Asks: 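Okay, handing you the structure first.
All values derive from a computational prediction rather than experimental measurement. When reading the values below, keep in mind they use all heavy atoms of this one structure, side chains included, and skip hydrogens, waters and symmetry mates. Below, chain A is the first sequence line, B the second, and so on; all start at residue 1.
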Amino acid sequence: MTAETEQQAEPTSYDVAAVEAKWQQVWDELQPFVADDAAVASGEREKRYALTMFPYPSGDLHMGHAEVTALHDVMARYWRFRGYEVMNPMGWDSFGLPAENAAIRNDEHPATYTYANIETQYESFRKFGLSFDWSRRLHTSDPEYYRWTQWLFLRFRERGLAYRKNSPVNWCPNDQTVLANEQVVDGACERCGATVTKRELTQWYFKITEYAQELLDDLDVLAPTWPDRVITAQRNWIGRSEGAHVDFVVEGRDEPLTVYTTRPDTLFGATFMVVAADAALAEELVSEEQRSAYEDYREQVRRASEIERLATDRPKTGVFLGVHATNPVNGERIPVWAADYVLADYGTGAIMAVPAHDQRDLDFAQAFDLPVRRVVDVPGAGDPAETFEATVGDGAYVDTPLLEGVDGKAEGVRRTIEHLEGQGLGRGTVNFRLRDWLLSRQRYWGVPIPVVHCEACGEVGVPDDQLPVTLPELRGADLKPKGVSPLAAATEWSQVACPSCGGPATRDSDTMDTFVDSSWYFLRFCSPGYQDGPFDVEQAKAWMPADIYIGGVEHAVLHLLYARFFTKVLADMGMLDVREPFAAQLNQGVVINQGKKMSKSLGNGVNLGAQLEEFGVDAVRLTLVFAGPPEDDIDWADMSPAGSLRFLQRAWRLSGDVTSEVGTPAEGGDVALRRVTHRTVDDAQTLVEGHRFNVVVARTMELVNATRKAIDSGCGPADPAVREAAETVARLLSLVAPYVAEEMWERLGHQPSVAQAAWPVVDPALLVEESVTAVVQVQGKVRGRLEVPPTISAADLEAAALADPAVVAAIADRPVRKVIVREPKLVNVVV
RNA sequence: GCCGGGUUGGCGAAACGGCAUACGCGGUGGUCUCAAACACCACUGUCCGAGAGGACGUGCGGGUUCGAAUCCCGCACCCGGCACCA
């Protein structure tokens, strides 16, 4: 392992550090991983696009980066071996808050922190021996990149998919910026943990809801190749529901009050209505007598934090609005209330309350002494008016003239909608939980929104030939949060001539959510230097979709949903011929330590650099890949990088023991060892393609063990089968441990690099076993084993089984009732 | 509450409906060594048994099958998503 132990004539171990230094240099010269666009465009070679989520440049790489890239590299290297032209790019998601916070702290420019970290991470990635094509490297904070982010924004805006609206938004008082719904977790800011409040602001949105149905439908297409948990998370997030809009006439008002309900069949049980307290609708509806009561209540609601609002078990609050509406099916006059349990931005912001069949409505009815009327008699359940338990199941309709004798909810809903539509009182409709994507942020270190606000012309998009709208040079205290964007305070930058009329105008002072940047970077990789658009349409057609996308499950909804949305819009713009960007997806687990997430406060962090120093890159990579299935979490405390290094040394020793000449044909070599070799290669193909990388490592270990045995106590080191086996080990190992694999390959007499070697050709004749072990069971229990030829007939196998002494003994004197024969591997005797 | 996934030796984990526990870690014993480290060899699911051997065994309870870790039904527990979304 170290130089000291290498004094002997025949070294028993290699010098890890020396090997790493040596091969890093060779790779730099050979550049074996640059993808050839022409080979794909011409159809000369089939493409594979291997994609890993690009990192945010915060400090150096950690265990998590090591794991995901180690797993990813197995796939990329395997595809290269199989003769595909592989694009394996990497870049940095380099806009974002940490750089801005660091800049304020250190009184510098965010770019200083950002680009210094990028260089650190770049060097670490290289040392980690990953087969990235660095010629495609990109950073989303480069003007050449964000110019095209702005260009895309303008195209979205032209299509009505980017718009501004005034509405209550999630506000993080600590980061002094708005947050998308996705960035609010349990009422707290996902980033800093501060309690999120609501603010009324004018903000930019992407109209992702326009694609809600397609985003949902296409999950069915992705389901076979995407993880279940991601599919489920996205389905839940999109939250499709079917129901009806029902129009209620409000006294003294021309416009109807329309509600959304999934239970139109319970319309006869509606005893009041509720409007979201913070909706404009409530403001419009409230009577003069109730106005001050309503306004007091609304203030109380606005002060409440998201956490308080989300507590589902808190008592219902609300206020009567002083108006009544008419139930369209029975003409009944019911009161209209305002409450905060109804959400302004879901459905129509108003509901019909059916307390008998909705627990929330029942709780509200109880709190304010409103009537409860049962219209579905659910067998076995009491009357909700007495039990205070709303019933939601199927049952016989009561007091519902429209649905007499109707059986079941589905039919009841269908008939009611039919009736409403016939009478012009409502219509069947579909609703989504998904909201539009709030993309503007009041921070500095992001993409400036390329829009100018002109007194005369209003909102004007910056013309394409004036892109990019670059950031002004701000640093340190200029960036301190003040509730408005730092860009608004940079007056020299913000005051411009209107591109349309030339009059005085101001630039939009918001920057984009960094999720915008990462929604299309995988397209830029297809033609990273392209000058005439965000990407070369032809190159994107050649490379897309990514054949695998590996990354953390924390992006199950956010990033993956946005990237899918962008892809669909770009397809509609005619720039892509795929509607889904990622054909297959794999989420690696997280690396923990001693049963807990690594953290500074717990003091249980495992430093990647220290592990690499101690065991070497190959051993750390091997440990991460061998630990278990890629999607499972790894507890580093349960792992043994020392054991991994031990194995690598054992494997390496094989390359020194081979005595046959390089190029010696394997034909005629020891058949038993050749069988193991060819079986291993054949299985490895299936295993890698099934992402079962841990098993590939196990099988490689078995091959090493078999080769060792052959050398020491079998056919001996000169047998050509030993060379074949050792060369196979080098290639299999290069998927995970590239340094030692190169070293082995060279010691075996080959030219570098093993990464450019051909995958071994499997000889099908060697996959057929000479003899197999047939198991003989009596009553399903193993009682004997027979060595038989694989071609044995059922009759012969049965005869041999029944002649076996142990089997005869197990049967004893009982009559044989039936014999199941699955030649050549199994016989089961039933007595 | 609704949706998705899981539960196999001391530990990480393998196993087209057909030998459960491959591979590795850890442990025990041994070879080498003055000694140790390294390396190598053997053993290592539980119980009974001196041994040969036997019984039991993949979270729990049923079922299908000649045969179930694997398929079906029910339950418990763990992990993840959604949740005052009408």
Side-chain angles (χ1 to χ4, degrees), chain A residues 1-2 5 12-13 186 227-241 243 259-264 266 274 276 309-314 316 339-343 345-354 357-361 363-364 392 431-435 553-554 556-557 587 589 622-623 626-629 631-644 646-647 649-650 653 686 692 694-705 708 712-713 773-785 817-822 825-831:
Chain A
M1 171 184 172
T2 56
T5 56
T12 57
S13 61
D186 293 332
D228 290 335
R229 50 182 168 173
V230 175
I231 298 287
T232 312
Q234 294 216 356
R235 277 211 183 101
N236 287 342
W237 191 261
I238 295 168
R240 184 183 196 273
S241 79
V259 301
Y260 172 70
T261 177
T262 54
R263 293 295 306 273
T266 62
V274 187
R309 203 189 60 74
L310 282 169
T312 52
D313 52 353
R314 87 195 156 94
K316 292 280 179 289
D340 67 351
Y341 83 92
V342 171
L343 307 175
D345 55 357
Y346 181 78
T348 61
I351 63 156
M352 65 177 204
V354 184
H357 306 298
D358 183 295
Q359 192 61 46
R360 297 155 301 183
D361 296 344
D363 293 344
F364 192 83
V392 295
N431 222 329
F432 294 93
R433 205 197 72 99
L434 182 72
R435 313 293 155 87
V553 74
E554 68 271 21
V557 264
N587 297 128
L622 183 80
T623 304
F626 183 54
E631 53 280 349
D632 286 8
D633 291 349
I634 297 171
D635 193 333
W636 194 252
D638 294 335
M639 295 301 124
S640 173
S644 298
R646 208 149 55 219
F647 162 72
Q649 296 287 9
R650 243 152 58 80
R653 242 173 275 138
T686 319
R692 298 169 56 215
N694 57 321
V695 188
V696 177
V697 173
R699 301 302 304 280
T700 306
M701 288 171 168
E702 288 181 282
L703 180 57
V704 168
N705 293 344
R708 183 82 262 155
D712 292 346
S713 55
T773 306
V775 173
V776 186
Q777 300 175 333
V778 178
Q779 302 290 76
K781 286 188 190 301
V782 180
R783 296 299 176 179
R785 292 187 170 86
R817 288 197 303 162
K818 196 168 165 189
V819 181
I820 286 114
V821 183
R822 292 283 180 273
K825 297 196 76 165
L826 182 121
V827 178
N828 189 15
V829 182
V830 186
V831 294

Asks: Taking the six-membered ring of A/Phe364 (Phe, Tyr or Trp), confirm whether the NZ or CZ of A/Lys316 is under 6.0 Å from its centre and within 45° of its axis.
Replies: no
Asks: If you look at every strand shown and take non-hydrogen atoms under 4.0 Å, does A/Arg783 touch a base, only sugar-phosphate, or nothing?
Replies: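 Sugar-phosphate contact only.
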Asks: Applying a 4.0 Å non-hydrogen cut-off, can you work out what A/Asn694 is touching in the nucleic acid: base, sugar-phosphate, or nothing?
Replies: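 Result for A/Asn694 = sugar-phosphate.
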Asks: Under 4.0 Å, heavy atoms only, any strand: does A/Pro227 hit a base, just the sugar-phosphate, or nothing?
Replies: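 Touches nothing.
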Asks: Determine: side-chain N/O of A/Thr232 to OP1/OP2 of B/rG80, distance under 4.0 Å, yes or no.
Replies: no
Asks: A/Thr700 near the nucleic acid: base, sugar-phosphate alone, or nothing, with a heavy-atom cut-off under 4.0 Å?
Replies: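 Nothing, no heavy atom under 4.0 Å.
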Asks: Starting at the 5' end of RNA chain B and moving along, which residue's nearest nucleotide shows up first, A/Ala233 or A/Phe432?
Replies: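 The residue whose closest nucleotide sits nearer the 5' end is A/Ala233.
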Asks: Take A/Met352 and A/Thr266 through the side-chain contact (heavy atoms from CB on, under 4.5 Å) test and state the conclusion after the steps.
Replies: CA-CA 10 Å; A/Met352 65 177 204; A/Thr266 62; 4.0 Å; yes
Asks: Checking the side chain of A/Asn431 only, and the main-chain atoms of A/Ser241 only, is there a donor and an acceptor separated by less than 3.5 Å?
Replies: no
Asks: What's the CG-C1' distance between A/Asp632 and B/rG12, to the nearest Å?
Replies: 10 Å
Asks: Roughly, in whole Å, what's the span from CZ in A/Arg240 to P in B/rA86?
Replies: 12 Å
Asks: Taking only the side-chain nitrogens and oxygens of A/Arg433, find out if one of them lies under 4.0 Å from OP1 or OP2 of B/rA83.
Replies: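 So the side-chain polar atoms of A/Arg433 do come within 4.0 Å of the phosphate oxygens OP1 or OP2 of B/rA83, strictly under.
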Asks: Does a side-chain N or O from A/Tyr341 land closer than 4.0 Å to OP1 or OP2 of B/rA86, or not?
Replies: no
Asks: How is A/Asn431 classified with respect to the nucleic acid when contacts are heavy atoms under 4.0 Å: base, sugar-phosphate, or nothing?
Replies: nothing
Asks: In whole angstrom, what separates A/Leu434's CG from B/rA83's C1'?
Replies: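 The distance from CG of A/Leu434 to C1' of B/rA83 comes to 16 Å, rounded to the nearest Å.
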Asks: Can you confirm whether A/Met639 sits close enough to A/Ile634 that some side-chain heavy atom of one is under 4.5 Å from a side-chain heavy atom of the other?
Replies: yes
Asks: Write out a two-atom table: protein N or O, nucleotide N or O from nucleotides 23-26 of chain B, distance below 3.5 Å.
Replies:
from: B/rG24; atom 1: OP1; to: A/Asn705; atom 2: ND2; distance (Å): 3.2
from: B/rC25; atom 1: OP1; to: A/Arg646; atom 2: NH2; distance (Å): 3.0
from: B/rG26; atom 1: OP2; to: A/Arg646; atom 2: NH2; distance (Å): 3.2

Asks: Using atom names, set out every protein N or O paired with an N or O of nucleotides 17-21 of chain B below 3.5 Å, distance rounded to 0.1 Å.
Replies:
from: B/rG18; atom 1: O6; to: A/Arg822; atom 2: NE; distance (Å): 3.2
from: B/rG18; atom 1: N2; to: A/Gln777; atom 2: OE1; distance (Å): 3.2
from: B/rG18; atom 1: N2; to: A/Asn828; atom 2: ND2; distance (Å): 3.3
from: B/rC19; atom 1: O2; to: A/Arg785; atom 2: NE; distance (Å): 3.0
from: B/rC19; atom 1: O2; to: A/Arg785; atom 2: NH2; distance (Å): 2.7

Asks: Determine if the base of B/rG45 is syn or anti; take syn to mean the glycosidic torsion is within 90° of 0.
Replies: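 Judged by the O4'-C1' to base torsion, B/rG45 sits in anti, the angle falling more than 90° away from 0.
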Asks: Please report, rounded to the nearest Å, how far the P atom of B/rC78 is from the CZ atom of A/Arg229.
Replies: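 It works out to 19 Å between those atoms.
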Asks: Across the strands shown, which category fits A/Val819 at heavy-atom distances under 4.0 angstrom: base, sugar-phosphate, nothing?
Replies: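 No contact.
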Asks: Could you tell me how far apart A/Leu343 (CG) and B/rC84 (P) are, to the nearest whole angstrom?
Replies: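 Value for this atom pair: 7 Å.
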Asks: Expressed as a whole number of angstroms, how long is the span from A/Arg235:CZ to B/rG4:P?
Replies: 9 Å
Asks: Rounded to whole angstroms, how far apart are CG on A/Asp363 and C1' on B/rG1?
Replies: 14 Å
Asks: If you measure from CZ on A/Arg229 to CD on A/Gln234, what distance do you get to the nearest 0.5 Å?
Replies: 13.5 Å
Asks: Output, in order, the C-alpha distance, side-chain angles, deciding distance and verdict of side-chain contact (heavy atoms from CB on, under 4.5 Å) for A/Val830 and A/Gln779.
Replies: CA-CA 5 Å; A/Val830 186; A/Gln779 302 290 76; 3.8 Å; yes
Asks: Paired stems touching RNA chain B, three or more consecutive Watson-Crick or G-U pairs with both distances under 3.5 Å?
Replies: B:1-7 with B:76-82, B:10-12 with B:23-25, B:26-31 with B:39-44, B:45-48 with B:53-56, B:59-63 with B:71-75
Asks: I need the CG-C1' distance between A/Asp635 and B/rA13, as an integer number of Å.
Replies: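 Nearest whole value for this atom pair: 14 Å.
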